[in-house]
Chemist: 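Right, I'll just put the structure down here and ask away after.
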Amino acid sequence: QVQLVESGGGLVQAGGSLRLSCAASGRTFSSYAMGWFRQAPGKEREFVAAISRSGGSTYYADSVKGRFTISRDNAENTVYLQMNSVKPEDTAVYYCAARRDFVYEYEFWGRGTQVTVSS
């Protein structure tokens with residue numbers, strides 16, 4: 001089992017930047033693909049970005065493509081979400097998640113960090 005703790009959320013102006021971090025426990029962090037999801041009030045949780053175990057492959061929702069970048073540092077057991085050119089519609093609680101290879105659904109989730117974008 002992996003424990004995930006997000007940080008870096010806060011208030012940012014539209015057009016600005018923010019970097020979220022997700023610190024993972026355990027010695028098998030590199031065995032997990034990682035993802036970021038978000039949930040706005042009254043909305044379902046949606047996929048934002050994902051990264052493969054080695055960091056060699058990344059995937060993005062169309063809504064954030066070209067603006068957000070996911071990365072990971074396996075030596076530090078940390079995954080990041082660099083958010084650039086943020087928009088008010090990016091306002092949500094952002095969650096970090098982990099899954100093993102060949103497992104369809106994400107298995108482990110953090111508690112989330114709030115991101116609020118002002119206009």
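The basis for the numbers below is simple: all heavy atoms, side chains too, and nothing from hydrogens, waters or symmetry mates. Nothing here was measured: the structure is a model prediction, and the numbers come from that model. Quick note: residue numbers are just sequence positions, from 1.
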Chemist: Once you round to the nearest 0.5 Å, how far does CZ of Phe108 lie from CZ of Arg99?
Modeler: 12.5 Å
Chemist: Please round to the nearest 0.5 Å and tell me the distance separating atom OG of Ser52 and atom CZ of Arg72.
Modeler: 7.0 Å
Chemist: What pairs with Glu89 under salt bridge (Lys or Arg N to Asp or Glu O under 4.0 Å), at least two apart in sequence or on another chain?
Modeler: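 If we apply the salt bridge (Lys or Arg N to Asp or Glu O under 4.0 Å) test to Glu89, skipping adjacent residues, there are no hits.
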Chemist: With sequence neighbours excluded, what pairs up with Arg19 under the side-chain hydrogen bond (donor to acceptor under 3.5 Å, both in side chains) test?
Modeler: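 Checked Arg19 against side-chain hydrogen bond (donor to acceptor under 3.5 Å, both in side chains); zero matches.
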Chemist: Can you sort out the partners of Gln114 under side-chain hydrogen bond (donor to acceptor under 3.5 Å, both in side chains), two or more places apart, ordered by chain and number?
Modeler: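 Gln114 satisfies side-chain hydrogen bond (donor to acceptor under 3.5 Å, both in side chains) with Thr116 only.
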Chemist: Nearest 0.5 Å please: distance from the CG atom of Asn74 over to the OG atom of Ser54.
Modeler: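 Between Asn74 CG and Ser54 OG, I get 8.0 Å after rounding to 0.5 Å.
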Chemist: Check whether any side-chain heavy atom of Ser118 sits under 4.5 Å from a side-chain heavy atom of Leu11, and report yes or no.
Modeler: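 Yes - at least one pair of side-chain heavy atoms lies under 4.5 Å apart.
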Chemist: Taking all non-hydrogen atoms of both residues, which atom of Thr78 and which atom of Ala23 are closest, and how far apart?
Modeler: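 Smallest interatomic distance, heavy atoms only, reads OG1-CA, 4.4 Å.
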Chemist: Can you confirm whether Val93 sits close enough to Thr113 that some side-chain heavy atom of one is under 4.5 Å from a side-chain heavy atom of the other?
Modeler: no
Chemist: How about Tyr106 and Phe37: are their ring centres within less than 6.0 Å of each other?
Modeler: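 They qualify: ring centres under 6.0 Å apart.
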Chemist: Do you know which two heavy atoms are closest between Pro88 and Val117, and how far apart they sit?
Modeler: N-CG1, 3.7 Å
Chemist: Can you tell me which residue pairs pass the salt bridge (Lys or Arg N to Asp or Glu O under 4.0 Å) test with a partner in residues 106-119, sequence neighbours excluded?
Modeler: Arg100-Glu107
Chemist: Who pairs with Glu46 by side-chain hydrogen bond (donor to acceptor under 3.5 Å, both in side chains), at least two apart in sequence or on another chain?
Modeler: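 Listed in chain order: Arg38.
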Chemist: Within a strict 4.5 Å, meaning less than it, do heavy atoms of the Tyr80 and Leu20 side chains meet?
Modeler: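 Of all side-chain heavy-atom pairs linking Leu20 with Tyr80, none is under 4.5 Å.
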Chemist: Taking only Lys NZ, Arg NE, NH1 and NH2, and the carboxylate oxygens of Asp or Glu, determine whether Asp62 and Lys65 approach each other closer than 4.0 Å.
Modeler: yes
Chemist: Report the C-alpha separation of Val79 and Ile51 in whole Å, then their side-chain angles, then the decisive distance to 0.1 Å, and conclude whether the side chain to side chain contact (heavy atoms under 4.5 Å, CB included) test is met.
Modeler: CA-CA 9 Å; Val79 62; Ile51 189 166; 4.2 Å; yes
Chemist: Answer with yes or no whether the hydrophobic clustering places Val64 together with Val12; edges join I, L, V, M, F, W, Y residues whose side-chain heavy atoms lie under 4.5 Å apart.
Modeler: yes
Chemist: Short question: side chain of Ser21, backbone of Gly8 - any donor-acceptor pair under 3.5 Å?
Modeler: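 Side chain of Ser21 to backbone of Gly8: no pair is present.
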Chemist: In Å and rounded to the nearest 0.5 Å, what is the OH to SG distance from Tyr94 to Cys22?
Modeler: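 Tyr94 OH to Cys22 SG: 14.5 Å, rounded to 0.5 Å.
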Chemist: Check whether any side-chain heavy atom of Thr91 lies under 4.5 Å from a side-chain heavy atom of Val115, and answer yes or no.
Modeler: no
Chemist: Do you reckon Trp109 sits in the same ILVMFWY cluster as Val48, going by side-chain contacts under 4.5 Å, direct or chained?
Modeler: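 Trp109 and Val48: separate clusters.
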Chemist: So Glu6 and Trp36, do their side chains get closer than 4.5 Å, heavy atoms only?
Modeler: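 They are in side-chain contact.
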Chemist: Could you tell me whether Arg45 atom CZ has more than 12 heavy atoms of other residues or ligands within 6.0 Å of it?
Modeler: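 Yes.
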Chemist: Can you tell if the side chain of Gln39 reaches within under 4.5 Å of the side chain of Tyr95, non-hydrogen atoms only?
Modeler: yes
Chemist: Do you know the tightest heavy-atom contact between Phe29 and Asp73?
Modeler: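 That would be CE2-O, 4.2 Å.
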Chemist: List in chain and number order the residues that pass side-chain hydrogen bond (donor to acceptor under 3.5 Å, both in side chains) with Ser17, two or more places apart in sequence or in another chain; answer none if no residue qualifies.
Modeler: Asn84
Chemist: For the residue pair Ile70 and Met34, what are the closest heavy atoms and their distance?
Modeler: CD1-O, 4.1 Å
Chemist: Kindly give the heavy-atom pair with the smallest separation between Leu18 and Gly10, and that separation in Å.
Modeler: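 Heavy atoms of Leu18 and Gly10 come nearest at CD2-N, 4.1 Å.
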Chemist: On a heavy-atom basis, which atom in Leu4 and which in Cys96 lie closest, and how many Å separate them?
Modeler: CD1-O, 3.6 Å
Chemist: Tyr59 versus Phe47: any side-chain heavy-atom pair under 4.5 Å?
Modeler: yes
